[in-house]
Protein chains: 2
Amino acid sequence: MRTDTVYKKAFNRTAAMLRDGQLTGELPSENELRRRIGVSRTTVRKVLGELAQRELVAERGGVRTAGRAVEDSDYYPDAETTSRANHVEQQFMEWMLRGDTRPGTSINELELARQFGVATNGIREFLIRFSRFGLLEKRPNTGWLFKGFTEDFALELFEIRVMFELRSAHLFSRQPDTSPLWDKLAALKVAHIELLKRIESRYQDFSGLDNRFHRLINEASPNRFIDDFYDIISFIFHYHYQWNKHDEQQRNQAAILEHLAYIDALESRDPDRIELACRAHLASARSTLMRSLIGSDE
Amino acid sequence: MRTDTVYKKAFNRTAAMLRDGQLTGELPSENELRRRIGVSRTTVRKVLGELAQRELVAERGGVRTAGRAVEDSDYYPDAETTSRANHVEQQFMEWMLRGDTRPGTSINELELARQFGVATNGIREFLIRFSRFGLLEKRPNTGWLFKGFTEDFALELFEIRVMFELRSAHLFSRQPDTSPLWDKLAALKVAHIELLKRIESRYQDFSGLDNRFHRLINEASPNRFIDDFYDIISFIFHYHYQWNKHDEQQRNQAAILEHLAYIDALESRDPDRIELACRAHLASARSTLMRSLIGSDE
DNA sequence: AAGTTGTTTTTTATGGATAAAGTTCATGCT
DNA sequence: AGCATGAACTTTATCCATAAAAAACAACTT
């Protein structure tokens with residue numbers, strides 16, 4: 001059966017809005033809520049129905065108002081708000097990055113399905129999607145070959161990344177002065193400086209900033225293949241660092257400084273400076289990844 | 001039910017071997033056949049069973065020999081030798097490239113499933129696989145957005161292609177003189193010259209040559225992401241030109257000449273010459289594609 | 001006419017079943 | 001021991017069923 005995670009997540013969001021006082025007095029129309037929550041009206045109605053049932057909203061003569069106060073126990077547990085597909089993704093990444101899965105291992109859909117508690121269909125869909133990341137290969141009628149999260153992988157990944165980033169950075173710097181992206185860049189610079197001040201407590205915010213920064217650079221000259229490639233990078237980094245916290249604060253601090261140098265270089269519009277700063281940053285990102293690869297290899 | 005296309009294709013191949021006299025006297029062991037046909041022994045046994053049934057091979061005391069002559073009617077029809085997944089691919093590409101599918105159209109799994117006569121699952125798997133080609137986008141719980149085989153697509157595709165090819169060409173040219181790839185390049189050069197001589201009748205052979213040539217250039221400095229990207233190119237071109245035969249001979253002849261210039265440039269190891277020849281060739285490939293895009297757009 | 005809510009229809013996400021194909025185990029033969 | 005064949009077992013490819021979610025339709029209200 002299809003999971004009702006969409007509904008549960010929508011319910012939780014709506015409950016949170018009630019609690020935070022974002023829904024005061026008469027509730028907005030179903031359509032308005034639909035827009036705010038980003039879900040179909042069908043689901044909104046289901047949410048409203050349940051909220052009324054639990055007296056979290058009161059219905060009188062077709063008018064809905066907030067009801068009793070929302071309690072912690074009203075929320076659905078987080079685990080019930082992620083779709084099966086998401087679960088598979090997380091479990092697979094954990095299996096891959098944490099387990100002692102060696103390069104060359106062959107992957108068995110049925111076994112993973114049993115292990116993750118889902119139907120084989122879901123596993124297969126995930127593997128097909130994941131295969132564009134260059135870590136898997138399908139052998140028809142036979143199964144999947146796990147190629148390994150290896151040093152080679154990291155080298156090849158970064159070779160492309162450098163090419164793409166240099167290209168995008170140069171195109172960025174050649175934008176007209178009137179481009180709104182310059183303002184965005186300035187805003188990001190401020191955000192970096194702010195984060196640097198509070199680095200001790202907030203160093204984990206860096207990852208979001210990193211993403212925004214690199215995507216901004218691509219925005220000046222969009223290319224779907226480059227965007228797709230950056231998806232791979234984000235994905236890999238997201239999971240890899242989720243289980244690799246070693247030296248995180250220090251790493252992030254260094255990266256912020258590199259970003260700032262890179263931003264200054266962009267603002268100077270000097271091609272040589274840009275290339276230098278860009279290469280320096282990526283080289284350091286690469287060696288961080290490589291180090292952790294080797295480290296986790298013992 | 002799973003199709004038995006693997007068996008039928010194996011049967012046809014074995015029958016062809018019998019007919020061509022590649023299997024003379026006592027037949028090889030099941031394992032040996034397995035190796036030659038590239039299929040499991042289970043399937044080989046099924047093939048042998050059917051061959052015996054039809055008296056195409058004779059079994060006497062555990063020894064198998066060729067039986068009566070193979071006739072045309074013994075083969076399974078071609079249509080029965082492609083898997084469902086392949087069918088879906090072909091039908092989808094036809095639907096996309098031939099039909100009047102406009103950019104921005106949304107794709108409906110169920111409708112395609114009905115139209116192609118397969119289960120929705122097969123459609124979905126295809127779409128997931130295909131989405132890495134940059135022509136589709138999945139919107140969860142909703143469907144797929146067809147972004148269109150547009151001019152933008154071609155431009156973005158070629159921007160990357162140029163970056164990758166220049167990089168690979170330069171690395172190719174910097175290989176040691178002792179690398180076996182130089183010999184392969186020389187062989188390809190000969191093949192080009194040969195083809196040029198018979199261009200009137202054999203111009204359709206160019207596509208295979210083109211593929212071999214560009215893959216050879218990547219071989220000197222393998223990178224899985226570049227290889228994957230080249231898969232996209234091959235795929236797109238394969239289908240696109242399958243339905244776009246306009247001026248084919250002339251186009252191919254021009255491309256052969258460009259390849260020859262490009263090969264000479266590589267052999268000269270002169271970076272500037274290489275860059276020039278490479279760019280010239282890709283520019284012409286791009287404008288061919290663009291022209292046909294606009295042409296098919298009436 | 002435009003926006004509401006109620007209802008019906010369609011489509012997606014997910015599990016399950018099964019024949020075909022692949023793999024492993026068992027037995028026998030040089 | 002090493003290779004053949006036979007048989008049993010496992011996994012993949014494929015279809016089908018169904019609840020959840022989305023979309024379309026309908027009726028009502030201001």
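Residue numbers start from 1 in every chain, and the chains themselves are labelled A, B, ... in the order their sequence lines are given, proteins ahead of strands.
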Show me the donor-acceptor pairs within less than 3.5 Å that the side chains of residues 113-130 of chain A make with the rest of the protein, sequence neighbours left out.
none

**Request:** Kindly calculate the angle separating the two end axes of the helix from C:dA1-D:dT30 to C:dT30-D:dA1, each obtained from five base pairs, and round it to 10 degrees.
**Result:** 30°
Side-chain heavy atoms of [X] within contact of [Y], under 4.5 Å:
X        : Y        : result
B:Thr150 : B:Leu155 : no
B:Asn31  : B:Arg35  : yes
B:Leu216 : B:Glu219 : yes

Got a donor-acceptor contact below 3.5 angstrom from the [X] side chain to the [Y] backbone?
X        : Y       : value
A:Thr24  : A:Gly21 : no
B:Thr101 : B:Trp95 : yes
B:Arg19  : B:Thr14 : no

**Request:** List for me each residue that meets side chain to side chain donor-acceptor pair (under 3.5 Å) alongside B:Arg84, sequence neighbours excluded, and say none if there are none.
**Result:** none
**Fill in**
By side chain to side chain donor-acceptor pair (under 3.5 Å), B:Asp100 pairs with (sequence neighbours left out) none
**Asked** Is any side-chain N of the basic residue among A:Asp4 and A:Lys9 closer than 4.0 Å to the acidic one's carboxylate O?
**Response** no
**Request:** Show your working on side chain to side chain contact (heavy atoms under 4.5 Å, CB included) between A:Thr3 and A:Thr82 and close with a plain yes or no.
**Result:** CA-CA 9 Å; A:Thr3 58; A:Thr82 37; over 6 Å; no
**Prompt:** With no hydrogens and no angle check, do the side chains of B:Asp210 and B:His214 hold a donor and an acceptor under 3.5 Å apart?
**Reply:** yes
**Message:** Regarding A:Gly62, tell me which of base, sugar-phosphate or nothing describes its non-hydrogen contacts under 4.0 Å with the strands shown.
**Reply:** nothing
**Request:** Check every nucleotide of DNA chain D for an atom under 4.0 Å from a heavy-atom of chain B, then give the first and the last such nucleotide from 5' to 3'.
**Result:** D:dA4 to D:dA23
Side-chain donor-acceptor pairs of residues 40-48 of chain B under 3.5 Å, sequence neighbours excluded:
{"residue": "B:Ser40", "atom": "OG", "partner": "B:Thr42", "partner atom": "N", "Å": "3.4"}
{"residue": "B:Ser40", "atom": "OG", "partner": "B:Thr43", "partner atom": "N", "Å": "3.4"}
{"residue": "B:Ser40", "atom": "OG", "partner": "B:Thr43", "partner atom": "OG1", "Å": "3.4"}
{"residue": "B:Arg41", "atom": "NH1", "partner": "B:Glu30", "partner atom": "OE1", "Å": "2.7"}
{"residue": "B:Arg45", "atom": "NE", "partner": "B:Glu30", "partner atom": "OE1", "Å": "3.2"}
{"residue": "B:Arg45", "atom": "NE", "partner": "B:Glu30", "partner atom": "OE2", "Å": "3.4"}

**Message:** Test ring-ring contact (aromatic ring centres under 6.0 Å, His included) on A:Tyr75 and A:Phe11; report intermediate values, then the result.
**Reply:** CA-CA 8 Å; A:Tyr75 294 97; A:Phe11 181 94; 7.7 Å; no
**Message:** One character per nucleotide, please: for nucleotides 18-30 of chain C, 5' to 3', B when the base has a protein heavy atom closer than 4.0 Å, S when only the sugar-phosphate does, - otherwise.
**Reply:** -BBSBB-------
**Prompt:** Does OP1 or OP2 of C:dT4 have a side-chain N or O of A:Ser29 closer than 4.0 Å?
**Reply:** yes
**Asked** Sequence neighbours excluded, which residues qualify as ring pair (Phe, Tyr, Trp, His ring centres under 6.0 Å) partners of A:Phe225?
**Response** B:Phe153, B:Phe229
**Request:** Go through residues 82-92 of chain A and report each residue with a non-hydrogen atom lying under 4.0 Å from DNA chain C, sorted by number.
**Result:** A:Ser83, A:Arg84, A:Ala85
**Item:** Selection: residues 116-129 of chain B, any non-hydrogen atom under 4.0 Å of DNA chain C
**Value:** B:Asn121, B:Arg124
**Asked** With sequence neighbours left out, what residues match B:Arg224 under salt bridge (Lys or Arg N to Asp or Glu O under 4.0 Å)?
**Response** A:Glu156
**Asked** After noting the C-alpha distance and the side-chain angles of A:Leu97 and A:His240, does the key distance pass the side chain to side chain contact (heavy atoms under 4.5 Å, CB included) rule?
**Response** CA-CA 7 Å; A:Leu97 293 171; A:His240 186 64; 4.2 Å; yes
**Complete:** Result for 5'-nearest mapping on DNA chain C, choosing between A:Pro28 and B:Ile107, is A:Pro28
**Message:** Ring of A:Tyr7, cation from A:Arg13 - is the NZ or CZ under 6.0 Å from the centre and inside 45° of the axis?
**Reply:** no
**Request:** Residues of residues 130-139 of chain B with any non-hydrogen atom less than 4.0 angstrom from an atom of DNA chain D: list those, numerically ordered, please.
**Result:** none
